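These numbers come from a predicted model, not from an experiment.
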Amino acid sequence: GSPVPQRASWSLVAAAAALCLVSATSVWTAGAAPMSREEKQKLGNQVLEMFDHAYGNYMEHAYPADELMPLTCRGRVRGQEPSRGDVDDALG
């Protein structure tokens, strides 16, 4: 079978995404008051929590399928499920 990705390496990816999000926020809000370090930390922690929630549920309910279907909470493997038209093309 396929090796299971290490959660620690994905946590690093999530941390990098959180850092990019917090950094980009300061660019998008150029005319607004700057966020405090605490606000940035809180947002970064929220991003990490959301990522960990999504990744953990994917690993528990859908791995090694292509995606987790949110309503049925099961995996969806492209090519074995009915086509959704352009949605599958857009997702790669």
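Across every non-hydrogen atom of Ala65 and Gly75, the tightest pair is CB-CA, 3.6 Å. The shortest heavy-atom contact between Pro34 and Glu39 is O-OE1, 4.3 Å.
A 4.5 Å side-chain heavy-atom check between Arg74 and Leu68 finds every atom pair outside the cut-off. Residues Gln46 and Lys42 have side chains in contact (heavy-atom distance under 4.5 Å, counting atoms from C-beta outward).
Asn57 places a side-chain N or O within 3.5 Å of a backbone atom of His53 that can act as its donor or acceptor partner.
The aromatic rings of Tyr58 and Tyr55 sit tilted, their planes meeting at an angle between 30° and 60°.
Between the side chains of Asn45 and Glu49, not a single donor N or O lies within less than 3.5 Å of an accepting N or O.
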